Protein chains: 2
Amino acid sequence: MSADAEPAPVSAKPPVTLREVAAAAGVSVATASKALNGQGRMTAETRERIRETARLLGFRPNSLAQSLLRKRSFTVGLLTNDTYGRFSLPLMAGVSDALVDNGVSVFLCNVEDDTRLGQLHVEAMLDKRVDGIIATGKRIDRHLPVDLSNLRVPVVYAFTQPDPGAVGLVSDDAGGARLAVEHFCRLGRRRIAHVSGPESFAVVHARAQAYRDVLEEHGLPTAEPLLGAWSEAWGHEAVAKLFGKAGREGWPDAVFCGNDQIARGVIDALRERGIGVPDDVGVIGFDNWEIVAEATRPPLTSVDMNLSTLGREAGLALLSLVGGQPAAPGIRKLPCRLVVRQSCGRPPGG
Amino acid sequence: MSADAEPAPVSAKPPVTLREVAAAAGVSVATASKALNGQGRMTAETRERIRETARLLGFRPNSLAQSLLRKRSFTVGLLTNDTYGRFSLPLMAGVSDALVDNGVSVFLCNVEDDTRLGQLHVEAMLDKRVDGIIATGKRIDRHLPVDLSNLRVPVVYAFTQPDPGAVGLVSDDAGGARLAVEHFCRLGRRRIAHVSGPESFAVVHARAQAYRDVLEEHGLPTAEPLLGAWSEAWGHEAVAKLFGKAGREGWPDAVFCGNDQIARGVIDALRERGIGVPDDVGVIGFDNWEIVAEATRPPLTSVDMNLSTLGREAGLALLSLVGGQPAAPGIRKLPCRLVVRQSCGRPPGG
DNA sequence: CTCCCTTGAGAAAACCTTTTCCCAAATCGC
DNA sequence: GCGATTTGGGAAAAGGTTTTCTCAAGGGAG
């Protein structure tokens with residue numbers, strides 16, 4: 001009966017501590033710590049014995065204690081207001097990926113559009129001494145409902161509007177649009193239309209401008225983009241407008257759509273009118289939402305924003321910020337890529 | 001110039017500690033702690049003065065230190081292998097929701113189907129002293145690629161196969177199927193077909209059995225379910241099989257689909273054949289994936305698995321487990337609900 | 001006027017690890 | 001053989017909070 005005999009709970013015995021390892025190996029905790037961390041000086045034999053003891057006992061250092069001392073928790077917060085959306089998932093996966101490889105865990109915080117909830121989460125993260133915060137949202141041109149500008153920890157913005165002077169990563173929407181329109185040009189399409197989402201979105205304008213630019217560069221006729229909604233229904237409507245007029249000669253031979261849902265609506269509407277895709281008209285979408293792009297008939301060529309990569313880069317950027325590397329503030333645009341399926345056909349010579 | 005004059009880093013001054021609050025208020029840290037936590041005995045005036053001081057200084061207790069002492073981190077891990085999938089999102093939102101309300105933060109851990117990655121994450125979570133773990137996946141009938149059966153912390157399984165003896169929450173697929181088929185019966189449909197996903201999914205069988213049961217209960221003819229894939233293309237194919245035969249009398253007047261994508265394929269295929277939905281044939285989907293259900297023409301009636309609620313319940317279950325409440329092990333099934341849109345028509349008398 | 005009890009508050013241990021300093025023994029140079 | 005240096009390892013502080021004792025002062029009872 002030692003002095004500290006305890007009833008010992010039936011289940012879930014407490015984790016083994018460094019003190020116990022040290023005792024079992026017959027050394028002090030200081031020596032044990034140094035042995036396990038490769039620090040200090042001691043005989044190789046001692047070091048090995050301690051390590052073996054730790055392994056046998058299943059010792060795992062308590063991160064809480066380590067963090068308290070090191071003032072570094074190896075934890076970051078991921079703030080999003082797009083829990084249900086489709087953009088946040090690949091982005092989150094990318095973030096998580098980049099960080100896990102570096103031994104960092106991610107707090108997931110959904111703030112909806114609720115300022116109070118946002119404040120709550122940020123404070124909780126700060127209390128838990130996160131090393132940094134990644135802010136992400138569902139729209140590039142909107143702020144999260146919470147102010148992150150004067151925190152004690154670095155912040156990186158991904159796919160959401162950054163605060164002035166902060167580090168932000170977004171997709172290069174204009175570049176993505178160029179990719180699509182230039183693809184059409186290469187294929188010999190001459191009358192290229194553009195059907196996109198609501199005017200209130202900044203990306204709509206960025207993509208439309210790139211569309212005009214490319215057409216101009218290629219000396220092709222530029223038609224005013226048709227702006228509407230991000231829906232299939234709008235795709236149908238737009239086809240009615242574009243292909244409603246009598247003269248078949250005036251019809252476009254290509255439609256660049258602002259997202260995949262619009263593109264799906266366009267393709268369905270064209271089929272219903274007996275217009276062939278890709279033979280009569282080529283169609284390209286945006287977002288490369290596989291579940292949509294692969295279900296259209298024919299499968300949809302689409303611009304992919306590489307959101308997973310974007311998330312990954314955001315994670316790495318935050319990491320270097322946490323590490324003390326001063327990052328250049330401002331918005332960095334990451335390139336999109338074109339995923340070619342069958343809705344555009346082959347080039348004339350191909 | 002006081003003794004502890006520091007150069008004071010330009011940015012990011014360190015957080016204020018309890019010690020500083022105590023000093024500022026002219027009391028000991030012990031008293032300060034008790035004042036802020038409503039513990040101990042002191043004059044109301046002292047308590048208020050300390051609180052005011054803390055407020056003024058913007059004091060926030062260091063969670064790391066608290067957790068170290070209390071052996072409770074107010075943190076849980078959410079393990080998933082469905083980062084890209086559509087089921088995990090509402091579920092995660094529900095979990096996060098339930099826990100945030102209780103001051104608990106959530107570690108998001110995506111393990112794909114990688115055992116090594118899973119092990120890594122679980123160990124990281126354990127090292128960080130999470131209070132518990134929620135495991136969730138993309139399939140009810142599959143295990144995560146990692147063993148959670150003998151952890152030091154409680155585990156709750158949501159929408160994934162639980163270990164024996166553990167507590168699991170899943171949707172009541174059979175009940176959901178009943179909802180759909182009974183809805184058809186109420187509307188007076190008599191020849192109800194069932195088109196579902198691959199045979200390898202347990203839910204496919206659960207739903208098919210419920211389908212047969214309901215038909216039998218209503219004395220209606222039961223056809224063998226058509227099993228294929230979870231895709232629109234399979235919906236098209238299935239329509240060809242069901243409506244290919246000559247005699248219009250043998251055609252179904254209702255199709256219950258295993259998911260919304262199949263249902264979408266079915267509806268599109270029916271329209272292409274000139275068969276009216278809902279006039280000639282009623283269609284019900286499963287999952288209530290709004291982006292699909294609202295884009296079909298007409299909008300799709302569908303079974304919703306209430307995943308957000310499922311997540312919420314999982315969070316609460318874990319919380320009570322963490323609190324020491326012994327939860328009944330085994331699988332708890334949560335009811336689905338039918339979201340009625342326009343793909344079924346009104347009852348004969350309505 | 002004592003004695004006892006209550007009140008208000010502080011000292012110190014505890015949580016677990018890391019790191020700096022320090023000390024004793026062993027080794028080396030001469 | 002003696003001082004100087006290296007080697008191997010330990011003691012203790014630090015990190016921020018909570019909690020259990022402890023203690024002094026004050027008040028009431030007898």
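Lettering of chains follows the sequences in order, A, B, ..., and the numbering in each one begins at 1. A quick note: this is a predicted structure, and the numbers were derived from the prediction, not measured.
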Report the residues that fulfil ring-ring contact (aromatic ring centres under 6.0 Å, His included) with Phe59(A), sequence neighbours left out, ordered by chain and then residue number.
none

Round to a whole Å and report the spacing from CZ of Arg72(B) to C1' of dT17(D).
17 Å

What residues, two or more places apart in sequence or in another chain, satisfy side chain to side chain contact (heavy atoms under 4.5 Å, CB included) together with Arg142(A)?
Arg139(A)

What is the distance, rounded to the nearest whole Å, between atom CG of Leu18(B) and atom C1' of dG15(D)?
13 Å

Determine whether a donor-acceptor pair (N or O, by modelled atom type, separation under 3.5 Å) exists between the side chain of Ser73(A) and the backbone of Ser67(A).
no

Nucleotides bounding contact with chain B, strand DNA chain C, heavy-atom threshold 4.0 Å
dT7(C) to dC16(C)

Solution key, residues 91-107 of chain B side-chain donor-acceptor pairs under 3.5 Å, sequence neighbours excluded:
unit_1    : atom_1 : unit_2    : atom_2 : d
Asp97(B)  : OD2    : Arg312(B) : NH1    : 3.2
Asn102(B) : ND2    : Ala98(B)  : O      : 2.8
Ser105(B) : OG     : Lys128(A) : NZ     : 2.9

Taking all atoms of both residues into account, what is the closest heavy-atom pair of Asn110(A) and His121(A), and its distance?
O-CE1, 3.3 Å

Judged by nearest nucleotide, the residue sitting upstream toward the 5' end of DNA chain D, Ala65(A) or Arg70(B), is Ala65(A)

Output side-chain donor-acceptor pairs under 3.5 Å for residues 17-25 of chain A, partner residues at least two apart or in another chain, one line each.
unit_1   : atom_1 : unit_2   : atom_2 : d
Thr17(A) : OG1    : Arg19(A) : N      : 3.3
Thr17(A) : OG1    : Glu20(A) : N      : 3.4
Thr17(A) : OG1    : Glu20(A) : OE2    : 3.4
Glu20(A) : OE2    : Thr17(A) : N      : 2.8

Provide, to the nearest angstrom, the distance between the CG atom belonging to Leu64(A) and the C1' atom belonging to dT18(D).
14 Å

Sidechain-backbone polar pair: Arg332(B) side chain, Val167(B) backbone, donor-acceptor under 3.5 Å:
no

Main-chain N/O of Leu117(A) paired to Asp114(A) side chain as donor or acceptor, under 3.5 Å:
yes

Test of understanding: with ring-ring contact (aromatic ring centres under 6.0 Å, His included), list the residues that count as partners of Phe159(A), not counting sequence neighbours.
Phe87(A)

Leu36(B) atom CG is separated from dT19(D) atom C1', nearest whole Å, by 15 Å

Has Asn62(B) got a side-chain N or O lying under 4.0 Å from the OP1 or OP2 atom of dG15(D)?
no

For Phe74(A), give me all partners under ring-ring contact (aromatic ring centres under 6.0 Å, His included), at least two apart in sequence or on another chain.
none

Considering residues at least two apart in sequence or located in another chain, which fulfil the side chain to side chain contact (heavy atoms under 4.5 Å, CB included) criterion with Arg60(B)?
Glu123(A), Asp127(A)

Check whether Arg129(B) reaches the backbone of Lys71(B) with its side chain - one donor and one acceptor, N or O, closer than 3.5 Å.
no

With axes from five pairs an end, tell me the bend angle of the helix from dC1(C)-dG30(D) to dC30(C)-dG1(D), nearest 10°.
60°

Report, one pair per line, the protein and nucleotides 6-11 of chain D atoms (nitrogen or oxygen only) whose separation is under 3.5 Å.
unit_1  : atom_1 : unit_2   : atom_2 : d
dG9(D)  : OP1    : Thr46(A) : OG1    : 2.9
dG9(D)  : OP2    : Thr43(A) : N      : 3.1
dG9(D)  : OP2    : Thr46(A) : OG1    : 3.2
dG10(D) : OP2    : Ser28(A) : N      : 3.1
dG10(D) : OP2    : Ser28(A) : OG     : 3.2
dG10(D) : OP2    : Thr31(A) : OG1    : 2.4
dG10(D) : O6     : Lys34(A) : NZ     : 2.7

Does any pair with a residue in residues 35-47 of chain B pass salt bridge (Lys or Arg N to Asp or Glu O under 4.0 Å), and if so which ones, sequence neighbours excluded?
Glu45(B)-Arg49(B)

Look at the side-chain N and O atoms of Ser33(B) and state whether any lies under 4.0 Å from the OP1 or OP2 oxygen of dT18(D).
yes

Within residues 121-128 of chain B, which residues have any heavy atom lying less than 4.0 Å from an atom of DNA chain C?
none

